[in-house]
Amino acid sequence: APGVPTYADGRPRPLAPELIAEEFPGGDACLSQLRSVGVSFQVVSDKRGVETPVAIEGPIGGVRYWTVGAGPMVSDCRLALALAKVSPELRSLGISAMRFSGAYSYRMAKVGRLSLHAYGLALDVHEVTADGKSYVVAHDFARGLPNGCTESAPLLNRLACRMSQLRLFQELLTPDSNADHRDHLHLAIAREPADSRQALSASRDKSE
């Protein structure tokens, strides 16, 4: 759209972290909003690096998130709220389920800083179910496609395009990004600005 900042390849840049924080607040405000949109979850014990850890116990906006040989998705509440926000886009593509391999995982990124997975703010999606059919990123994402936004583009390319257009994810990586993402889509929202995290920490200290 006119006026939207873009990367060199034409993809829209995400909103600034402070604007993302307005969309997806942390702490009790996040938990309250997550309940209000009908997501079933449990607040879990402290997870290193995660401000407001939750375990998701059911679908998010009509989309089921599952992983092989593990329990429920554990993430920061803000990521779950972001997935609830984008659920209408997912459902419009017929998507009813997503298989992931990583949400919360305390680890470093290759650039020498903590990964957004370490804060519970990222999700790696390997497979989606749409209209009863399975689409695996490693096989069904068309690499090097000039325009993944067209109706004729493969479903996974259209999914990546729509998520990019929403500008809510600080990191949106696909098999086109690098070899590390050859088999999954990486979605991650920005951390809250430092002043927001400090205010949340001060609020918790007072409540204790």
Asks: With the threshold set at 4.0 Å, does a side-chain nitrogen-carboxylate oxygen contact exist between Asp183 and Arg99?
Replies: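 Looking at Arg99 together with Asp183, the answer is no, because their closest N to O distance does not fall below 4.0 Å.
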
Asks: Output the distance between atom CG (Leu185) and atom CG (Leu173), rounded to the nearest 0.5 Å.
Replies: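 Leu185 CG to Leu173 CG: 9.5 Å, rounded to 0.5 Å.
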
Asks: Is the charged tip of Arg191 near the ring of Tyr119: under 6.0 Å from the six-membered ring centre and within 45° of its axis?
Replies: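 So Arg191 does make the cation-pi contact.
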
Asks: Is there a side-chain contact between Gln170 and Ile20 in this structure, where contact means two heavy atoms from C-beta onward sitting under 4.5 Å apart?
Replies: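 Not touching, per the 4.5 Å side-chain cut-off.
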
Asks: Looking at side-chain heavy atoms only, is the closest gap between Leu123 and Tyr65 below 4.5 Å?
Replies: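 Leu123 reaches Tyr65 side chain to side chain.
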
Asks: Are Gln165 and Arg11 close enough, and set up right, to give a side chain to side chain contact (heavy atoms under 4.5 Å, CB included), and what steps lead you there?
Replies: CA-CA 8 Å; Gln165 289 174 333; Arg11 289 178 300 122; over 6 Å; no

Asks: Please determine whether residues Leu114 and Val50 belong to a single hydrophobic cluster, defined as Ile, Leu, Val, Met, Phe, Trp and Tyr linked transitively by side-chain heavy-atom distances below 4.5 Å.
Replies: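 Yes.
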
Asks: Can you find a heavy atom in the side chain of Leu168 that is under 4.5 Å from one in the side chain of Lys85?
Replies: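 Contact flag for Leu168/Lys85 side chains = yes.
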
Asks: Indicate yes or no: at least one non-hydrogen side-chain atom of Met73 is less than 4.5 angstrom from one of Thr67.
Replies: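 In short, these two side chains do not touch, never coming nearer than 4.5 Å.
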
Asks: May I ask you to test the Met163-Val86 pair for a side-chain heavy-atom distance under 4.5 Å?
Replies: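 Yes. Closest side-chain heavy atoms under 4.5 Å.
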
Asks: Hey, does Pro5 have a side-chain heavy atom less than 4.5 Å from the side chain of Arg167?
Replies: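 In short, these two side chains touch, coming nearer than 4.5 Å.
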
Asks: When you compare the side chain of Tyr7 with that of Arg13, does any pair of heavy atoms fall below 4.5 Å?
Replies: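 Contact flag for Arg13/Tyr7 side chains = yes.
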
Asks: Measuring only between side-chain heavy atoms, which start at C-beta, is Leu156 closer than 4.5 Å to Val128?
Replies: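 In contact.
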
Asks: For the residue pair His184 and His181, categorise the inter-ring angle as parallel (less than 30°), tilted (30 to 60°) or perpendicular (more than 60°).
Replies: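 His184 and His181: tilted rings.
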
Asks: Starting from the C-alpha separation in whole Å, work towards a yes-or-no answer on side-chain hydrogen bond (donor to acceptor under 3.5 Å, both in side chains) for Arg64 and Thr129.
Replies: CA-CA 9 Å; Arg64 181 172 67 95; Thr129 301; 6.0 Å; no

